[in-house]
Asks: 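My questions will all concern the structure given below.
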Number of protein chains: 2
Amino acid sequence: MAQNKEPQASADAILDKLDAFLRTKQLKLTSQRRQIVEKMLEMPRHFTADDLVDSFVGQRPRVSKATVYRTLSLLSEGEILEQHDFGEGHRLFELALGRSHHDHLCCTKCGKIIEFFSEEMENLQDKIAHKLGFHPTSHSQKIYGTCRECWREAKRD
Amino acid sequence: MAQNKEPQASADAILDKLDAFLRTKQLKLTSQRRQIVEKMLEMPRHFTADDLVDSFVGQRPRVSKATVYRTLSLLSEGEILEQHDFGEGHRLFELALGRSHHDHLCCTKCGKIIEFFSEEMENLQDKIAHKLGFHPTSHSQKIYGTCRECWREAKRD
DNA sequence: CTGAATGCAAAGTATTTGCAGGTCT
DNA sequence: AGACCTGCAAATACTTTGCATTCAG
C-alpha cells in the first residue's frame, strides 16, 4: 500500500493517445481539443467541468462550455480521464493516463482527498466479485471520515 | 461473505426511530412524514426521490415533491436511509434501518445491483485508513462489471 | 399559541442538445 | 465536397428555496 506520488503524463503523451482514440472513431483532433488538454494539465488533481470552462474566460480563442463537456466525455471514453462522484452533486475528473489505479479517502471536514492503492484490496475485490459470478471491469471505492489534521483540530475543542 | 437476504424493518420500527430522531431536533412527526415512510416500504431496494413522488400521484392527501425531498434528507440524517450514487445522475435511496452494512456490485449491462458483505474487506479498509492517519466513518464501494447472466449472453453472440 | 411543516411555483445547479455556420481533410 | 465541430442559447434533469398558509404539540 502506498500513497501515489507519480508525475502526470505529458501533453504530448495525452495528445497522442487522444489522437489515436479519435481516429478509431473517425473524429478529429481540433484546436479546441488541444487547448482543453493543455488546460487539464494546469488543473488540480480533481477538477470539475466548470473549473475547466472558467479557465478559458477572457481568453482568445476561447472554448465554449458545450465543447468542454463534449471533450471531457471523449477523454473519459478514451480512458485518458476518469470520472468520480464524491457525492457533492457534480462530477470530478482526474487524469488517468500515465497514472496507476488507486482509490480515495475523503475527509468530510476539510474536503481533502487522499489517494491510496492496496494490492491486497484489489485481490480481495476480484475474489468477491468472482465468487458471486460477476466479471469486474472497474471499481470505485471511497472511504469517508476525518483526516489526521481535522481529527487533531476536533480533539482540541 | 454473503449476499444479504434479511427482511426490512417494519413501519413501526421506522416510525419509532424517526420520531426519536425528530425529537432530538425539536421537529415534528407529521402525517406527510408518516405517509412517506409507508410508501418507502413499497419501493424496490433502491429508489429515487422521484419514484417516491410519483407514488403519490392521484392520491389524497398527496404529498408534494418538496416535502418528499425534505423528508428524505431527514431520514438520511437520521440513519434510516442511506444514499448512493451509481453514476446515473441521480441519487438512489436505500432503507438502512434494520439491515446490516453491505457494498454493491453493479452490472453495467443490465443495471442489476448485487449486494455483498465481507468482513475481510471491512477490516482491510480500516487498516488502510488508519495507516494513513485517517479516521473512517463510512465508505462506499462499488464494483462495476458484468453479471453472470449478461456475461453468458455476451458469450453467446 | 407558536414554531415547525406544507404546497406551490420559482430558482438553482449541472449537464445535454438543436441548429446554423465554420473547419479540417 | 462532405463529415465533423463549434458556439450559442434553449432544454433537460434533479434538487433546493421563498413564502403564505396550515398544523402539531
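These values consider heavy atoms only, across backbone and side chains, with no hydrogens, waters or symmetry-generated copies. Here is how names work: the chains are called A, B, and so on, in the same order as the sequence lines, proteins then strands, and each is numbered from 1.
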Asks: Along DNA chain C, 5' to 3', what are the outermost nucleotides having an atom less than 4.0 Å from a heavy atom of chain A?
Replies: dA14(C) to dC24(C)
Asks: In degrees rounded to 10°, what angle is found between the helical axes fit to the five outermost pairs at each end of the helix from dC1(C)-dG25(D) to dT25(C)-dA1(D)?
Replies: 30°
Asks: Under the ring pair (Phe, Tyr, Trp, His ring centres under 6.0 Å) test, which residues partner His135(B), sequence neighbours left out?
Replies: Trp151(A)
Asks: Applying side-chain contact (heavy atoms from CB on, under 4.5 Å), name anything that partners Glu153(B), two or more places apart in sequence or on another chain.
Replies: Arg156(B)
Asks: Each nucleotide N or O in nucleotides 20-22 of chain D that has a protein N or O under 3.5 Å away: list the pair and distance.
Replies:
none

Asks: Can you list the residues that meet the side-chain contact (heavy atoms from CB on, under 4.5 Å) rule with Thr137(B), with sequence neighbours excluded?
Replies: Tyr144(A)
Asks: Assign each of Asp50(B) and Ala66(B) to its nearest nucleotide of DNA chain D by heavy atoms, then name whichever residue's nucleotide is nearer the 5' end.
Replies: Asp50(B)
Asks: Report the residues that fulfil ring pair (Phe, Tyr, Trp, His ring centres under 6.0 Å) with His46(A), sequence neighbours left out, ordered by chain and then residue number.
Replies: His84(A), Phe86(A), His104(A)
Asks: In residues 68-81 of chain A, what residues come within less than 4.0 Å of DNA chain C, judged by heavy atoms?
Replies: Tyr69(A), Arg70(A)
Asks: Sorted by first residue and then second, give each ring-ring contact (aromatic ring centres under 6.0 Å, His included) pair with at least one member in residues 13-40 of chain A; sequence neighbours left out.
Replies: none
Asks: Among all residues two or more places apart in sequence or in another chain, which pass the side-chain contact (heavy atoms from CB on, under 4.5 Å) test with Ala66(A)?
Replies: Ser64(A), Arg70(A)
Asks: Scan residues 21-35 of chain A for pairs that pass salt bridge (charged side-chain N to carboxylate O under 4.0 Å, His left out), counting only residues two or more places apart or in two chains.
Replies: Asp19(A)-Arg23(A), Lys25(A)-Glu77(A)
Asks: For DNA chain C, which residues in residues 22-44 of chain B have a heavy atom at a distance below 4.0 Å?
Replies: Gln26(B), Leu27(B), Lys28(B), Thr30(B), Gln32(B), Arg33(B)
